[in-house]
Amino acid sequence: MECFTSPDLSLGDLARTLAVSSSLLSRRFRDVRGVTPGQYLRGVRLQKARELLTGTDFTLQTIAERCGYRSAFYLSRVFKAATGQSPSEYRAGSPSISR
């Protein structure tokens, strides 16, 4: 969980760290969590993006970097695919926490 912001995080690296194969790690993870490691990671990153969008006035690029994405463009694409809203639409429609 501490490494979720690394854009270079990979299933292969995690599997090597745990001394198991990528396929075994993926299968066991899916059995326990009900989603693939990639889906889980995307969910964690998007939840953090939602928090930063509503709780800060950070730029989208800063939010992308803090959530493990290399660019604001890519975060925007992933965010819209997952939520149906662009990050700016989400930010505008959410009550602010503290800006």
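Heads up: numbering here begins at 1 and tracks the sequence. These numbers come from the heavy atoms of this one structure, side chains and all, not from hydrogens, waters or symmetry mates.
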Short side-chain to backbone donor-acceptor contact, E65 and L60, under 3.5 Å: no
Test your reading of the model: is there a side-chain donor-acceptor pair from R91 to the backbone of T56, 3.5 Å cut-off?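 Confirmed, R91 side chain pairs with T56 backbone.
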Could you grab the distance from atom [atom1] of [X] to atom [atom2] of [Y], nearest 0.5 Å is fine?
X   : Y   : atom1 : atom2 : value
Q61 : Y69 : CD    : OH    : 13.0 Å
C67 : F58 : SG    : CZ    : 10.0 Å
Q47 : L52 : CD    : CG    : 10.0 Å
R77 : S86 : CZ    : OG    : 15.0 Å
S23 : R27 : OG    : CZ    : 5.0 Å

[X] and [Y]: same hydrophobic cluster, using ILVMFWY side-chain contacts below 4.5 Å?
X   : Y   : result
L25 : V35 : no
V44 : L11 : no
L14 : V20 : yes
V78 : F73 : no

Do Q39 and T36 have a side chain donor and acceptor closer than 3.5 Å?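 Q39 vs T36: donor-acceptor pair found between side chains.
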T62 and T59: side-chain donor and acceptor closer than 3.5 Å? yes
What's the verdict on side-chain contact (heavy atoms from CB on, under 4.5 Å) for R45 and R42, showing C-alpha distance, side-chain angles and the deciding distance? CA-CA 5 Å; R45 287 177 170 172; R42 187 171 30 261; 5.8 Å; no
In terms of side-chain geometry, is the basic nitrogen of D31 or R28 positioned less than 4.0 Å from the acidic oxygen of its partner?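 Salt bridge between D31 and R28, a charged N being under 4.0 Å from a carboxylate O: no.
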Non-hydrogen atoms of A82 and L46 that approach each other most closely: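 So the minimum-distance heavy-atom pair works out to CB-CD1, 3.4 Å.
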Closest heavy-atom pair and its distance - G12, S22: CA-OG, 3.6 Å
Measure the acute angle between the ring planes of Y90 and F79, then classify it against the limits of 30° and 60° as parallel, tilted or perpendicular. perpendicular
Pairwise side-chain contact, R50 with T83, heavy-atom cut-off 4.5 Å (strictly under):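 They are in contact (side-chain heavy atoms under 4.5 Å apart), so the answer is yes.
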